[in-house]
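Convention: sequence-line order gives letters A, B, ...; per-chain numbering from 1.
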2 protein chains.
Amino acid sequence: MTDIKTGINPLFLREEELRQGIELLFFAYRDFTAEPDAILAEYGFGRAHHRVIYFVGRNPGMTVSELLDILRITKQSLSRVLGQLVDEGFVTQRPGVRDRRQRLLALTEKGIEMERLLTERQRARIARAYRAAGAEAVEGFRKVMLGLVDEADHPRFPLRLSVRR
Amino acid sequence: MTDIKTGINPLFLREEELRQGIELLFFAYRDFTAEPDAILAEYGFGRAHHRVIYFVGRNPGMTVSELLDILRITKQSLSRVLGQLVDEGFVTQRPGVRDRRQRLLALTEKGIEMERLLTERQRARIARAYRAAGAEAVEGFRKVMLGLVDEADHPRFPLRLSVRR
DNA sequence: CATATATGTCAACATGACTGACATAAAGAC
DNA sequence: GTCTTTATGTCAGTCATGTTGACATATATG
């Protein structure tokens with residue numbers, strides 16, 4: 001159980017190491033979302049609105065199905081949030097060209113502005129962390145984070161920038 | 001704007017890099033919480049219960065205030081979840097020795113079992129990602145993740161294992 | 001034409017967050 | 001020994017975001 005050379009129990013260290021990982025994920029995500037959440041609250045929006053705005057901004061022309069597949073929520077949950085964003089002029093829907101059942105989603109100018117306002121804080125936080133940690137650490141961060149994501153989603157990285165339909 | 005030598009816009013690359021970080025955080029956290037959430041649902045619990053069980057298990061004897069400070073929620077929100085866990089025999093409360101206003105929190109045997117059941121999945125996921133990425137990558141992951149956490153919480157790492165009062 | 005798919009909608013419900021107000025017991029200050 | 005502050009709890013109401021189930025519509029596809 002105890003390593004003769006170091007006097008340290010390697011299983012215990014491993015357990016500690018893994019728990020630290022769990023805690024880093026909790027704290028990092030908590031702080032990562034706190035700033036945009038505060039801004040969203042001023043507009044009467046929540047985190048769900050940010051997610052929609054973010055991913056639609058990232059994938060202009062994406063379909064509702066694709067968005068549902070990313071968010072992993074029900075269409076009923078999405079429809080409330082998406083409906084609000086469309087009603088208030090942040091997101092547009094237009095029928096697909098090849099498949100007219102689809103509603104291709106995109107941001108309006110107002111939506112693009114909101115996206116920038118919200119994501120800016122998160123980008124700044126990540127930039128700060130990347131700068132402080134160094135390029136090599138960033139590479140390690142990416143490797144580990146990708147390993148935490150379900151295999152099925154690996155083809156998403158790097159996310160395509162725009163969808164043409 | 002465009003690097004003469006590489007023909008690549010360094011600002012664009014940086015933007016892509018940061019967005020990838022945002023997305024990795026979203027996907028990793030989504031998948032990291034999905035497994036325990038499914039188990040919790042079977043017991044009629046939610047993610048909030050897991051957080052309480054996790055941190056109380058990690059810091060036996062911690063106070064309600066300390067827990068609130070970690071979770072960053074209101075005492076009213078905590079009290080419902082904590083009350084359920086106490087009622088159903090997962091968590092115990094005992095008065096502080098030095099300060100009898102405090103309710104020192106700890107897990108029962110049942111609580112410890114539940115903590116193990118829930119956290120086991122997350123530990124396994126992290127272990128898998130660490131193994132796949134290698135020791136050096138893990139070090140980078142830790143550096144970047146710590147950089148994402150608000151400075152005020154840095155003294156929490158590594159979290160103390162037990163609190164004596 | 002028949003079936004499957006993409007999307008939307010209505011209704012009911014659960015969870016977990018919030019604010020605000022008030023209560024109690026104990027500690028700490030003077 | 002009173003006064004104030006602190007640690008905690010509780011009641012009540014609200015909101016955001018998720019769920020399930022049932023049904024509707026338009027379009028694509030075989």
Side-chain angles (χ1 to χ4, degrees), chain A residues 26 29-30 33-34 36-54 56 61-88 91-105 163 165, chain B residues 26 29-30 33-34 36-54 56 61-88 91-105 163 165:
Chain A
F26 170 75
Y29 199 78
R30 186 197 65 179
T33 51
D37 282 359
I39 299 171
L40 286 155
E42 294 170 26
Y43 291 82
F45 289 152
R47 198 177 293 177
H49 298 84
H50 187 189
R51 288 180 189 144
V52 170
I53 287 177
Y54 180 86
V56 170
M62 80 187 306
T63 67
V64 173
S65 299
E66 287 168 341
L67 187 51
L68 284 174
D69 189 49
I70 285 178
L71 299 177
R72 297 251 178 102
I73 58 175
T74 58
K75 63 177 176 176
Q76 295 93 325
S77 292
L78 175 58
S79 93
R80 195 172 21 203
V81 171
L82 187 55
Q84 285 174 299
L85 290 172
V86 170
D87 287 349
E88 301 188 29
V91 172
T92 58
Q93 295 176 313
R94 60 185 164 83
V97 178
R98 285 200 322 252
D99 185 338
R100 298 210 320 276
R101 291 172 304 179
Q102 297 177 332
R103 308 288 181 88
L104 307 189
L105 306 172
V163 181
R165 250 168 256 274
Chain B
F26 170 76
Y29 198 77
R30 185 197 66 178
T33 50
D37 282 358
I39 299 171
L40 286 156
E42 294 171 25
Y43 291 82
F45 289 153
R47 198 178 291 177
H49 298 85
H50 187 190
R51 288 180 188 144
V52 170
I53 287 178
Y54 180 85
V56 170
M62 80 188 307
T63 67
V64 172
S65 299
E66 286 169 340
L67 187 51
L68 284 173
D69 189 49
I70 285 178
L71 299 178
R72 298 252 180 100
I73 58 175
T74 60
K75 63 178 177 175
Q76 295 93 324
S77 293
L78 174 59
S79 94
R80 193 174 22 203
V81 172
L82 187 55
Q84 285 174 299
L85 290 171
V86 170
D87 287 351
E88 301 188 29
V91 172
T92 59
Q93 295 175 314
R94 61 186 164 82
V97 178
R98 287 199 321 251
D99 185 338
R100 298 208 323 276
R101 290 172 306 180
Q102 297 177 331
R103 308 287 180 91
L104 307 189
L105 306 172
V163 181
R165 252 168 253 274

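- In this structure, A:Arg98 atom CZ and C:dT5 atom P are separated by 17 Å, rounded to whole Å.
- One can place CZ of B:Arg80 at 8 Å from P of C:dA17, the figure rounded to the nearest angstrom.
- B:Lys75 is not listed as a side-chain neighbour of B:Val64, based on a closest heavy-atom distance of 4.5 Å or more.
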Test side-chain contact (heavy atoms from CB on, under 4.5 Å) applied to B:Leu71 and B:Val52, step by step: CA-CA 8 Å; B:Leu71 299 178; B:Val52 170; 4.1 Å; yes
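- Atom pair B:Arg51:CZ and C:dG16:P shows a separation of 9 Å (rounding to whole Å applied).
- Distance A:Leu105 CG to C:dA6 P: 14 Å, rounded to the nearest Å.
- Taking the side chain as every heavy atom from C-beta outward, B:Thr33 and A:Phe26 never approach each other to under 4.5 Å.
- Side chains of B:Arg47 and B:Arg51 form a contact here, defined as non-hydrogen atoms less than 4.5 Å apart.
- Each of C:dG16, D:dC11, D:dG21 was ranked by its minimum atom distance to the side chain of A:Gln76; first place goes to D:dG21.
- From A:Leu82, atom CG reaches atom NE2 of A:His49 across 9.5 Å, with rounding to the nearest 0.5 Å.
- Proximity of B:Ile70 to B:Met62: side-chain heavy atoms (C-beta onward) are separated by under 4.5 Å at one or more points.
- Of the residues in residues 40-50 of chain A, those placing a heavy atom less than 4.0 Å from an atom of DNA chain D are A:Gly44, A:Gly46, A:Arg47, A:Ala48, A:His49, in numerical order.
- B:Asp37 has its CG atom 13 Å from the C1' atom of D:dT19, to the nearest Å.
- Contact check for B:Gln93 versus B:Leu105: side-chain heavy atoms found under the 4.5 Å cut-off.
- Heavy-atom nearest nucleotides on DNA chain D were determined for A:Val81 and for A:Arg100, and the one closer to the 5' end corresponds to A:Val81.
- One interatomic measurement links the two molecules: CG of A:Leu78 to P of D:dA16, which rounds to 17 Å at whole-angstrom precision.
- Residue A:Ser77 places at least one side-chain N or O under 4.0 Å from the OP1 or OP2 atom of D:dT19.
- The side chain of B:Ser79 places no N or O atom within less than 4.0 Å of a non-bridging phosphate oxygen (OP1 or OP2) of D:dT10.
- Rounded to an integer number of Å, the gap from A:Gln84 CD to D:dC15 P is 13 Å.
- Looking at B:Thr92 and B:Val86, their side chains never come closer than 4.5 Å, going by heavy atoms from C-beta outward.
- In this structure, A:Tyr43 and A:Phe45 have parallel ring planes: the angle between them is below the 30° cut-off, well short of the 60° mark.
- Separating the CZ atom of A:Arg94 from the C1' atom of C:dT7 is a distance of 16 Å, rounded to the nearest angstrom.
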Quick one: which protein N/O atoms are closer than 3.5 Å to N/O atoms of nucleotides 6-8 of chain D? Pair and distance per line, please.
{"residue": "D:dT6", "atom": "O2", "partner": "B:Arg101", "partner atom": "NH1", "Å": "2.3"}
{"residue": "D:dT8", "atom": "OP1", "partner": "B:Arg103", "partner atom": "N", "Å": "3.4"}
{"residue": "D:dT8", "atom": "OP2", "partner": "B:Ser65", "partner atom": "N", "Å": "2.8"}
{"residue": "D:dT8", "atom": "OP2", "partner": "B:Ser65", "partner atom": "OG", "Å": "2.1"}
{"residue": "D:dT8", "atom": "O4", "partner": "B:Lys75", "partner atom": "NZ", "Å": "3.2"}

